[in-house]
S.K.: 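Take this structure first; my questions come after.
For this chain, numbers begin at 1 and follow the sequence in order. Not measured: the values here are computed from a predicted model.
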Amino acid sequence: MNQRHLPPPRTGRAAARSGVRAAARTVTRPTAGMLTGPTERAITVAAQRAAEPGGLRFTERQLYYETCRVLSPGPAFLGRVPGTPAPVLRLPVFTRVLEARGRETVPGLLPPPPAPHLPPRRAEASEPDLHDYGLPRLLVCQDRSIAGMLLANHVHLEAACPVLAADDLPPDPRLLAALERAGGATVHVLHDASPAGVTLPARIRTGLGPVSGVRVVSLGLVPRHAAALRLHSGRGPAPDPAHLADLPAALRPKEADWLADGRFAQVAAVPPARLVRTVLRLTRGPRPPRDSLWSGLRGLRGTGFMTWPAA
């Protein structure tokens, strides 16, 4: 081509704008391979945090949310920030990095829970008279992996409370009889902040049938819990309006709107140590007041032991 047919060279602002557009076209987007290094390091830090204190066991989904907290430490420095932020790391990217690293290399990580048995398996007691006693409380988890995590950390022993997954309902009839025999027993339900989760306690109450003296109460989560804890939340398709009609009346209008928008927060997003502490506190109930020297002396005086003189 003849030089006189070439366009004149650009100068000034036009040249600068052209250079910026050319540079923008050459910028490459980060790929999963580019994220592998930082994500793997974040998984290592997250596993250490999730196991504290005392070497707690945790699920893969709990490790995912802990990794998101490692990668987005902003709220920890900015103070109380309202809302439920979206996870900074996509779950498929986390899964690929974890598989490449090897799940067995993460200390404290629990294996995936076994598939539920159909029909539910009836647990046979090693002691024939075990169900002859009253059972004051029972914990039912919507997520089978969370139920396994609580069992792996011996929550059922510390709280003297059997832990079941919602898929295992209805429970053994002897277990229901033990709940009824206790008089005023409570079935605690641990569920996600989602339409299926917040309606689970009512479904369990219906599924238990006519069991007298047994209360079914929710431990959460509900949307206001997720906002107060600043949990990472997801967003899916808007739920069916028929499902929203069954939401508990105790939910606030903003919470119902949050759920109607397709938002949800999982129990796995709660830090493992906080989840264990909360479950123990709510299932065991308030602790009795600690005895002091003076309360002990008053008690002895009331029983007539070393009675103080009246004069």
S.K.: Backbone N or O of Thr84 within a donor-acceptor pair of the Ser233 side chain at under 3.5 Å?
M.R.: yes
S.K.: Answer yes or no: is there an ion pair linking Glu66 with Arg69, defined by an N-O contact shorter than 4.0 Å?
M.R.: yes
S.K.: How long is the span from the CZ atom in Arg205 to the CZ atom in Arg215, to the nearest 0.5 Å?
M.R.: 11.0 Å
S.K.: So, are Asp172 and Arg174 salt-bridged, with charged N and O less than 4.0 Å apart?
M.R.: yes
S.K.: Let me confirm one number: the CZ-CG distance from Arg181 to Leu176, rounded to the nearest 0.5 Å.
M.R.: 11.0 Å
S.K.: Could you walk me through whether Thr39 and Arg96 pass the side chain to side chain donor-acceptor pair (under 3.5 Å) test, one step at a time?
M.R.: CA-CA 10 Å; Thr39 302; Arg96 286 197 296 269; over 6 Å; no
S.K.: Give the intermediate values and the outcome of side-chain contact (heavy atoms from CB on, under 4.5 Å) for residues Gln266 and Leu231.
M.R.: CA-CA 8 Å; Gln266 297 178 318; Leu231 300 181; over 6 Å; no
S.K.: Going through the checks in order, is the side chain to side chain donor-acceptor pair (under 3.5 Å) test met by Arg274 and Thr278?
M.R.: CA-CA 6 Å; Arg274 185 163 194 165; Thr278 303; 5.0 Å; no
S.K.: With Glu60 as reference, evaluate Leu98, Val106, Leu110 under the side chain to side chain contact (heavy atoms under 4.5 Å, CB included) test and give the passing residue.
M.R.: Leu98
S.K.: Do any N or O atoms from the side chain of Tyr65 and from the backbone of Val267 form a donor-acceptor pair under 3.5 angstrom?
M.R.: no
S.K.: Would you say the side-chain atoms of Asp143 pair up with the backbone N or O of Ser145, donor to acceptor, closer than 3.5 Å?
M.R.: yes
S.K.: How long is the span from the NE2 atom in His191 to the OG1 atom in Thr199, to the nearest 0.5 Å?
M.R.: 8.5 Å
S.K.: Got a donor-acceptor contact below 3.5 angstrom from the Asp261 side chain to the Asp257 backbone?
M.R.: no
S.K.: Starting from the C-alpha separation in whole Å, work towards a yes-or-no answer on side chain to side chain donor-acceptor pair (under 3.5 Å) for Thr186 and Arg137.
M.R.: CA-CA 5 Å; Thr186 303; Arg137 49 191 169 267; over 6 Å; no
S.K.: Between Leu229 and Leu251, is there shared hydrophobic-cluster membership here, with clusters defined by ILVMFWY side-chain heavy atoms closer than 4.5 Å?
M.R.: no
S.K.: Give, for atom CZ of Phe58 and atom CD of Glu52, the distance between the pair rounded to the nearest 0.5 Å.
M.R.: 10.5 Å
